[in-house]
There are 2 protein chains.
Amino acid sequence: MSAQFDTTADTVFSEEEVLRRIEQAVLDHRLAPGTKLKEVQLAELFGVKRGLIRKVLTRLAHSSLVLQTPNRGATVARPSVKEGQDLFATRRVIESAILETLIAKINDLDLEQLGKMLQREQQAYLSGDSAQALSLSVDFHRELARMAGNGVLETYLNDIIRRTPLVILAHLGDEAENRCRNHEHEAIVDAIRRRDVKAAITVMNHHLLQIESKIQHKSERSHTDLASLLRPESILHSE
Amino acid sequence: MSAQFDTTADTVFSEEEVLRRIEQAVLDHRLAPGTKLKEVQLAELFGVKRGLIRKVLTRLAHSSLVLQTPNRGATVARPSVKEGQDLFATRRVIESAILETLIAKINDLDLEQLGKMLQREQQAYLSGDSAQALSLSVDFHRELARMAGNGVLETYLNDIIRRTPLVILAHLGDEAENRCRNHEHEAIVDAIRRRDVKAAITVMNHHLLQIESKIQHKSERSHTDLASLLRPESILHSE
DNA sequence: GATAATAAAATTGTTAACAATCCATATCCA
DNA sequence: TGGATATGGATTGTTAACAATTTTATTATC
């Protein structure tokens, strides 16, 4: 398992660092849904006490990336198709509200900032650095939320963003190219620039529905595979 | 402080029970915003170990009812006016989405259930049991969320509902009658019955804006009181 | 008397040892 | 053999003692 985290035995990590690394391992699919997360194992791996791992696992459980069961420890969450659908449906609602709030108050400085972010995204994409491009495309959504200035909406969007990769990976595997399309981000900024709430929301929803539809499609296919329905523990998922 | 919780020394409490009681004390205004929550004190009070109190405080912090500061313990949260506004604005968004989702799928059985809830609310109100009436009026909102069937939306609404009393109390004190008006709940159910999404949302927003406007009004008054602006620790708030 | 430095007390944070629970394997009995 | 029942090891959960930090009280100095 140590291969999953890229640690050396004698380094020590802070709580935040441990959290970040486990989260990243989950989201990068290096830890499959259902994988058992043993406390001592992780503690030794990161060179920290078990108590710290305990805290981290509880925090991860709270953001729905990990499932904690009393007396039976923690496993990587295994979100259902339904949960994925609910998550995306809610995301459309939240992102729409963010756009509406943002457009009511945006200034030229903010618009300039968004323009810069689009450029950086484009640059990363063109230079073939797809990991960086993905990261920047997520940042774009986060930045809209920040600029909108509603802390509660921002928290909820961040929660959803944190959970999204696991939902996608759990149901699409590595098949899908799930990166946001850059030209759609541009279209959103265009609409914001024109203060056109309706257009912005339309583009955003289209944008989000693209990914969503892939999951939907995949889950329909899965349902025709009767064997996998009867045997919930797929061999793909280490237990 | 023991008077705040209504405990006797020799009873023991489960984690859930301790959580519920502290939460209730905060929401009932028996513990003012800013009040220090000392671990040993609470542990002795409930007859539990300090570790359990620790867990509970962390959970309360996560739902924004308690503020935890490293090495300095926990205090009852002191939500800002801004946070209250953001919370209400988000609530309108979430409740609207719930109504839209619900109307698309509601059946006669659900409608019957809602009708029964309205009756019970009305009954409690008429019989003068205002605590019960308040509780049932909150249940009404929760029930709409449950029936809508989107788990993520439901979670977010419950989060907001949990935080709302503290926001109201922190800025309105005990001045306000904040109970939902029963006839507005009836109007919402009417609109749902007619599958009229727009009307339902309009009534709901009106409903929520009523409470919100009271906070707004109060906070404007506060701002004219310069002394309280300069001295953030009001004498009303125990520290 | 106000301010700064110091010491003591109170409070939070951590940990290692212990307890309780779960899980896989072995054992027993029909 | 099949299936229930013990058994031991692994794992999670709890706690009491200790450590670190903050807060309060005391003293010293101007």
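Keep in mind that this is a model prediction, so the values were computed, not measured. Just so it is clear: chains get the letters A, B, ... in the order the sequence lines come, proteins before strands, and each one is counted from 1.
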*Give the B/S/- string for nucleotides 13-20 of chain C, one per nucleotide from 5' to 3', where a protein heavy atom under 4.0 Å of the base yields B, of only the sugar-phosphate yields S, and otherwise -.*
BBSSB---
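Taking the salt bridge (Lys or Arg N to Asp or Glu O under 4.0 Å) definition, one finds that A:R50 meets it with A:E39, sequence neighbours left out. Residues satisfying the salt bridge (Lys or Arg N to Asp or Glu O under 4.0 Å) test with A:R20, not counting sequence neighbours, are A:E17. Scanning for side chain to side chain contact (heavy atoms under 4.5 Å, CB included) contacts around A:E143 gives A:Q113, A:L114, A:M117, A:R146, A:M147, with sequence neighbours left out.
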Enumerate, atom names and distances included, each donor-acceptor pair closer than 3.5 Å involving a side-chain atom of residues 87-96 of chain A, sequence neighbours excluded.
unit_1 : atom_1 : unit_2 : atom_2 : d
A:T90  : OG1    : A:D86  : O      : 2.7
A:T90  : OG1    : B:N150 : OD1    : 3.4
A:T90  : OG1    : B:N150 : ND2    : 3.3
A:R91  : NE     : A:E95  : OE2    : 3.0
A:R91  : NH2    : A:E95  : OE2    : 3.1
A:R92  : NH1    : A:E212 : OE1    : 2.4
A:R92  : NH1    : A:E212 : OE2    : 3.0
A:E95  : OE1    : A:H141 : ND1    : 3.4
A:E95  : OE2    : A:H141 : ND1    : 2.8
A:S96  : OG     : A:R92  : O      : 2.7

Show the atom names and distances, to 0.1 Å, of all donor-acceptor pairs under 3.5 Å that link a side chain in residues 161-170 of chain A to residues at least two apart or in another chain.
unit_1 : atom_1 : unit_2 : atom_2 : d
A:R163 : NH1    : A:D159 : OD2    : 3.3
A:R163 : NH2    : A:E83  : OE2    : 3.2
A:T164 : OG1    : A:I160 : O      : 2.7

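Checking the phosphate oxygens (OP1, OP2) of C:dC23, no side-chain nitrogen or oxygen of A:K36 falls inside 4.0 Å.
Note: NZ (B:K38) to P (C:dA10) measures 10 Å, nearest angstrom.
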